[in-house]
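Keep in mind it's a predicted model, so treat the numbers as computed, not measured. Every chain is numbered from 1, with letters handed out A, B, ... down the list of sequences.
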Protein chains: 2
Amino acid sequence: MKEVAAIVTRKEVAELAGVSEATVSRVFNDVGPMKEQTRQRVLQAAKTLNYHPNAIAQSFARRRSGNLGVVLPYVPKVHIFSTYYFSEVLSGIGEQVKASGYDMLLKFRVPGEESDYSGIFRSQKVDACVILGATDTPSERAELKRLEDGGFPFCLINQHMSGERFNEVDADHEGGSYRAVRHLLDLGYRGIAFLSGSPEFSNSGDRLRGYMRAMREAGLLPADAKAAGDLPAHLYYEGNYSRTSGMKAASAMHPHLSRIEAVFASNDRMAIGLMQGLREYGHVPGRDYAIVGYDDSEAARVTDPPLTSVAVPFYEMGRLAAERVLRRVGGGNETDGGSESFRLKLDTKLVVRQSCRILR
Amino acid sequence: MKEVAAIVTRKEVAELAGVSEATVSRVFNDVGPMKEQTRQRVLQAAKTLNYHPNAIAQSFARRRSGNLGVVLPYVPKVHIFSTYYFSEVLSGIGEQVKASGYDMLLKFRVPGEESDYSGIFRSQKVDACVILGATDTPSERAELKRLEDGGFPFCLINQHMSGERFNEVDADHEGGSYRAVRHLLDLGYRGIAFLSGSPEFSNSGDRLRGYMRAMREAGLLPADAKAAGDLPAHLYYEGNYSRTSGMKAASAMHPHLSRIEAVFASNDRMAIGLMQGLREYGHVPGRDYAIVGYDDSEAARVTDPPLTSVAVPFYEMGRLAAERVLRRVGGGNETDGGSESFRLKLDTKLVVRQSCRILR
DNA sequence: TGAGATAATGAACGCGCGTACATTATTATG
DNA sequence: CATAATAATGTACGCGCGTTCATTATCTCA
């Protein structure tokens, strides 16, 4: 390895081209009137010297970093990028960031630590941010309020905070959930259990709401049933969206299998874990019970049997969040017309595969 | 949304604390002798004003960005983060970046565009970079040579460029491949086909080499067989690491099924696609033929039957690449001892599941 | 040809830090 | 108590840009 090569500045370009530094700057920023001859001279000198403007100096002078921050929850040793939700959203964000001429700066946030959001903003290293994995807790709400009060552009993905005016991109989880359970009902299933994810995520509540709405309409729940606590114990289980928590749920579900004909799981991973766990009790999906997952991840396609699942457009959610928030900072080609918060809710869709046979 | 809040600089902190700006700087950087009383006064003033140093100004003054660049290939609309290899490596990089107090800046590189590597370096926006998805083509080699010549610290992952002194973190794909095929041989299989990935990746060549070594040693190939061209046509297929290319390979393989007892596929996705494709011809994996995948992705565990697969420590590869290259810039707690290039090759491991029964 | 208007370019300085060198304050020693 | 040494702090400036305002060059018109 050799010494780091000398950095070429606009000063050297100016000298070689026989112009001032301001002219070099003007040429590179396409600013003001410029004689074509001068312009060519500068560009030629820059090419000769292999000059690239120093991005840090530019950011500093412009008071704009050119970075879109993406805030991810940090859990040690967890392969966060390998989680379907995160990977799809990030892919969508990446697409938009590239299209908008921004760079994507990842920030890992340790859950529970304070001031991380505010610090992200105040250090000026990102112009805006998109937040994944936010939870609806009082301290996190307070931090987000601080960000909002400071006028810093950000957007939550897949996490609704009712009563706040935060920018959000979400999906119709209630609707997706409802359709999944209606599908099971239409196939003749009545004893339909629900495997929930962690309740601090708004989307877990949405899924539960959709499940309960469908069950109430089918007369399988009392008309005033509103919360998980109103469900019969044998119909409600909870995991943390991981496959292993799905396997654990299988153990909990095992004593009640005679009363359960179908299961609606809050994501594919838990559905898969549940299927694996129940198979150990000789209970075969698609034959002995029906199962619907959520997310329509790649894995849903390769299980045995392939999983009926609710498709959520995570990629598009990521892309839209990035697009909208970058518009707020004037990073794109247009400036957003107003300063009102934006709330988008994208449609979900049921993808039917072989995990649910016609029962009756 | 409100106006962006006024940014507090060290000037305001200095005024409130009754010291000079240099003292504020010293306190925040823990530099030089400092009276404890003065230090507390400064910290209190900073807290009162909610001061955070401006990261861009710091980077500029320090001539160091604090960013580790991660270069990813950009293919429009491809959900790159959802690919097992990328997601695992990125998770490992993320872990190390967090531990080293760096930020992770993603750069998408359009394959075929020139000067992207050099521009990344010259814009000074990253202090070092880790490159994923590099290919062994003359133009890309030339670009990497330019980076190396400029003394810019970078590291290739999973891509060996023979004859160069680039920093590399790789895995023993030849060994993993060899063990996979030996496993099939030990189970009694003789007609073992190979489904290769794209040949511009060095690791595709490694897998092929391992396959061929095992087959030669078993007397199933001539002693001088060295390249794909030396293989019988019915034993060699090529895909591009995607599941759909695996399904396509099933069609190509179908006419030769009577001569194929087992398949070694270059990654799990192609293995899965192949299994799905062959199942459409009534050919059932684990019963009618054996199959071994590569990567040991999550999907390998949920297929029917669960896939025997070679586990590659992508996460650890990412983590080590980041660690090593950040050491080069003095980003970690230690400075690397020398300026020699580093080359790491991590072990792979065969994980046996139910896709290969004992044949004879 | 001269004056006025417009185009093109240069000089100067700020952005918010880090730090070298200068200055001041404090402590130790004879 | 005076001097020397050391600790603590301040002044000034650079980092490489973007851009305002001043200056110079060029063009148009009477």
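Between A/Q37 atom CD and D/dT26 atom P the separation is 10 Å, expressed in whole Å. Distance, A/E12 CD to D/dC17 C1': 13 Å, rounded to whole Å. In this entry the distance linking CD1 of A/I56 with P of D/dG18 reads 13 Å, nearest Å. Remark: P of D/dG16 and NZ of B/K125 are 17 Å apart, rounded to the nearest angstrom. As rounded to whole Å, 16 Å separates atom P of D/dG16 from atom NE2 of A/H52. Between A/N54 atom CG and C/dC15 atom P the separation is 19 Å, expressed in whole Å. When rounded to the nearest whole Å, the span between CZ of A/R62 and P of D/dG16 equals 16 Å. Between the CZ atom of B/F60 and the C1' atom of C/dG14 there is a distance of 11 Å, rounded to whole Å.
With 3.5 Å as the limit, one finds a donor-acceptor pair spanning the side chains of B/S65 and B/D127.
Residues satisfying the salt bridge (charged side-chain N to carboxylate O under 4.0 Å, His left out) criterion with A/R39, sequence neighbours excluded, are A/E36.
Phosphate proximity of C/dG16 to A/R63: present, with a side-chain N or O under 4.0 Å from OP1 or OP2. Distances shorter than 4.0 Å separate some side-chain N or O of B/N29 from OP1 or OP2 on C/dG18. At C/dC17, none of the side-chain N or O atoms of B/S25 fall inside 4.0 Å of OP1 or OP2 (strictly under the cut-off). In this model, the phosphate group of C/dG16 is not approached by any side-chain N or O of B/Q58 to a distance below 4.0 Å at OP1 or OP2.
With A/N67 contributing its side chain and A/G69 its backbone, the two residues share no donor-acceptor pair below 3.5 Å.
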Can you build the contact string for nucleotides 6-12 of chain D? Use B for base contact, S for sugar-phosphate-only contact, and - for no protein heavy atom under 4.0 Å. -SBBBB-
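Among the protein residues, B/F28 comes within range of no part of the nucleic acid, since none of its heavy atoms lies under 4.0 Å from any strand.
For the helix from C/dT1-D/dA30 to C/dG30-D/dC1, the terminal axes (five pairs an end, C1' atoms, rotation from four pairs onto the next four) enclose an angle of 50°, given to 10 degrees.
The pair A/R146-A/E143 does not meet the salt-bridge criterion, since no charged nitrogen lies less than 4.0 angstrom from a carboxylate oxygen. Using a cutoff of 4.0 Å between basic side-chain nitrogens and carboxylate oxygens, B/E21 and B/K11 are not scored as salt-bridged. Residues B/R343 and B/D170 are not paired through a salt bridge, judged by the lack of any N-O separation under 4.0 Å between the basic side chain and the carboxylate. Comment: B/K145 engages B/E164 in a salt bridge, judged by a side-chain N to carboxylate O separation of less than 4.0 angstrom.
Under a cutoff of 6.0 Å and an axis angle of 45°, B/R109 and B/Y117 form a cation-pi pair.
With A/L68 as the partner, the side chain to side chain contact (heavy atoms under 4.5 Å, CB included) test is satisfied by one option alone out of A/L105, A/V126, A/V325: A/V325.
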